[in-house]
Amino acid sequence: MRSRLERITSQRLESLNRIREKGIDPYPHCYHPSYAIKEAVALFERGEKAENISLAGRIMARRSMGKMIFADIRDSSGKIQLCFRYNLLGEENFELLDEIDIGDIVGAEGKLFRTKAGEITLEVSHFTILCKSLRPLPEKWHGLVDTDKRYRQRHLDLISNEETRNIFMSRSKIITAIRNFLDSRGFVEVETPVLQPEAGGAAATPFTTHYQALDNDFYLRIALELHLKRLIVGGFDKVYEIGRAFRNEGISGKHNPEFTLLECYQAYSDYTNMMSLVEEMASYVAQEVLGNTKITINGNIINLAPPWQRVYLRDAIKNYCDIDFEDYPDATSLRSKMEEKGMEVDPNKGRGKLVDELISTFVEPNLIQPTFLIDYPAEMSPLAKRKRGNEHLVERFEGFINGMEIANAFTELNDPIDQRERFKQQMRERVGDEEVEIADEDFLEALEYGMPPTGGLGIGIDRLVMLLTGQSSIREVILFPQLRTKPKS
RNA sequence: GGGCCGUUAGCUCAGUUUGGUAGAGCACCUGACUUUUAAUCAGGGCGUCGUGGGUUCGAGUCCCACACGGCCUACCA
């Protein structure tokens, strides 16, 4: 027994053969429409002549009236209605329309007019089959809804759902705007290795791979930091990289194992300069992409315009959970205080990770308006420079918007002796199999040549896109999010 | 990793309470129609009910296991 799908596919294959029998190539090599659909519509609306124009796109709907057929086609710019008339096309061409289905891609020439109902429409004088589609598209009212299919078959999601198209158009515009912003300020974009002998620059579990040519196990990078700082040593005073980082950790609505990270470093700067950079960049990007620095999420109006609120981390934690981390100088005492508060605490966590837990549990959910948390405990941040006047703290901030961490930045540690000591301290204080910063000799040696005072910044691009497109799942802003392999049926 | 919910036609969904021949809309096929636009009208056929076991005279429906997905939770950005 044949399924519906098999019937439809075989009907379309028969149609394909009939097209070939007429001497027509159903898969021609190219077609050059004179306008994108949106341009053609704009032309017509301005009252300019729109005759002998050509358009191309996928057929999304078809309404046959007998001797007249309406069809909607869409290209990446927009949608337009085509009108095929028997007396204009002639019998042979009009009958060829029998072989054209929803989902096929066509080119059409003719002139634009406005129908009685007021819709701008191309009256087709000639058309060309550009690609025969063999499978039926998802349903026209609801589109493709099933999340599993939407992520696995993103092409169908993009064909069917305008919202999805808009999100990824926005994503592209956001990244372009970031590049424009940084380029205009004299930053140089670079590319550094994804495959690394040590996974440094953050504390996270890396993916491992084997480098055949070197007969060595390698890691996929978990951050961009160390190589970029080596470029600062090399004299690139303003550098950035937008690239994929990989962390072999949980998958959730806010985490994809491979994610896009922006890191930028500016010599002769400190973390206060990076705060200004973040504020200005975020509001520039929002203005460019949304035309506004105010965004609405979950009914909250969030204003990205500078200045963002600045709160000392110590004060924020005191404020939201009444713990002053300066009263607890080691992991043991802080852990018992947290347990006293009824928290279940992983005994493998060091003091830095414990403070991090206080932030994410008590503070982060409350930071809806853009907020910088400032000055972190030194053991949380082995790559950051100690705070002027308080050696237990480092000059670091994280930027939060809508209860989500967006940015992380510090005054970069450029004292090679302290840097070496801080790596050692990480290893010393490591408890169990806790992930900590790995000492990277190439990086340490570079620092010994001298790195100018430098401000550094990391921004999770996927999360920024979530924010600017109003999405609550990271999978909605990544074209092909990580999913388990489906078993073969 | 843990908890809850879900998986039925190419797509969107009913049907599961109370076991008794598998349903609708879109899409598709045939016919009518030269201003439709969720076109309309008449007719048509199409299913490994996620997978594998079990209970039963009989399972889409009840039970067990597994797979995949969603949300929450845990680690992290």
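Everything numeric in this text was worked out from a predicted model, so none of it was measured. Values below: all heavy atoms of this structure, side chains included; hydrogens, waters and symmetry mates excluded. Lettering follows sequence order; numbering is per chain, from 1.
- Between A:Lys67 and B:U36, a side-chain N or O to OP1/OP2 separation shorter than 4.0 Å is absent.
- A straight line from CZ of A:Arg85 to P of B:U34 spans 11 Å, rounded to a whole angstrom.
- Contact annotation for A:Arg484: backbone-only contact, meaning every heavy-atom pair under 4.0 Å involves sugar-phosphate atoms and none involves a base.
- Between the CZ atom of A:Arg62 and the P atom of B:U37 there is a distance of 16 Å, rounded to whole Å.
- Comparing B:G70, B:U37, B:U34 by their closest approach to the side chain of A:Glu119 singles out B:U37.
- Judged by atom type and distance alone, A:Gln81 reaches the base of B:U36 through a side-chain donor-acceptor pair under 3.5 Å.
- The separation of B:A24 from B:G19, taken at their P atoms, amounts to 24 Å, rounded to a whole angstrom.
- Judged purely by atom type and a 3.5 angstrom limit, A:Glu139 uses its side chain to pair as donor or acceptor with the backbone of A:His142.
- Here A:Gly143 lies in heavy-atom contact (under 4.0 Å) with sugar-phosphate atoms only.
- Side-chain atoms of A:Glu139 and base atoms of B:G25 include a donor and an acceptor less than 3.5 Å apart.
- We find that CD1 of A:Ile102 is positioned 15 Å from P of B:U37, with the value rounded to whole Å.
- Rounded to whole Å, the distance from NZ on A:Lys79 to P on B:U37 is 13 Å.
- When heavy atoms are screened at a 4.0 angstrom cut-off, A:Thr115 is found touching base atoms of the nucleic acid.
- Taking atom CG of A:Asp148 as the reference point, atom C1' of B:U12 lies 16 Å away to the nearest angstrom.
- Using a 4.0 Å heavy-atom distance criterion, A:Asn87 is classed as a base contact.
- The pair A:Glu162-A:Arg74 does not meet the salt-bridge criterion, since no charged nitrogen lies less than 4.0 angstrom from a carboxylate oxygen.
- One P atom belongs to B:A42, the other to B:C5, and the distance between them is 43 Å to the nearest Å.
- When heavy atoms are screened at a 4.0 angstrom cut-off, A:Arg114 is found touching no nucleic acid atom at all.
- Within 4.0 Å (heavy atoms only), A:Gly460 reaches no atom of the nucleic acid at all.
- Looking at A:Gln266 and A:Tyr240, their side chains never bring a donor and an acceptor atom within 3.5 Å of each other.
- Side chains of A:Leu304 and A:Val285 form no contact here, defined as non-hydrogen atoms less than 4.5 Å apart.
- Separation of the P atoms belonging to B:C71 and B:U37 is 38 Å when rounded to the nearest angstrom.
- For A:Arg63, a side-chain nitrogen or oxygen approaches OP1 or OP2 of B:A39 to under 4.0 Å.
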Each nucleotide N or O in nucleotides 2-8 of chain B that has a protein N or O under 3.5 Å away: list the pair and distance.
none

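- With sequence neighbours excluded, no residue forms a side-chain hydrogen bond (donor to acceptor under 3.5 Å, both in side chains) with A:Thr361.
- The gap from the C1' atom of B:A67 to that of B:C75 amounts to 25 Å, rounded to the nearest Å.
- The same atom, P, is picked in B:A39 and in B:C26; the two are 10 Å apart, to the nearest Å.
- Between the CE atom of A:Met60 and the P atom of B:A27 there is a distance of 12 Å, given to the nearest Å.
- Using atom P as the reference point in both B:A9 and B:G23, the two lie 14 Å apart (nearest Å).
- Taking the P atom of each, B:C13 and B:U7 are spaced 10 Å apart, rounded to whole Å.
- Taking atom C1' on both nucleotides, B:C68 is separated from B:U8 by 16 Å, rounded to a whole Å.
- The shortest distance between the side-chain N/O atoms of A:Arg152 and the OP1/OP2 oxygens of B:G69 is below 4.0 Å.
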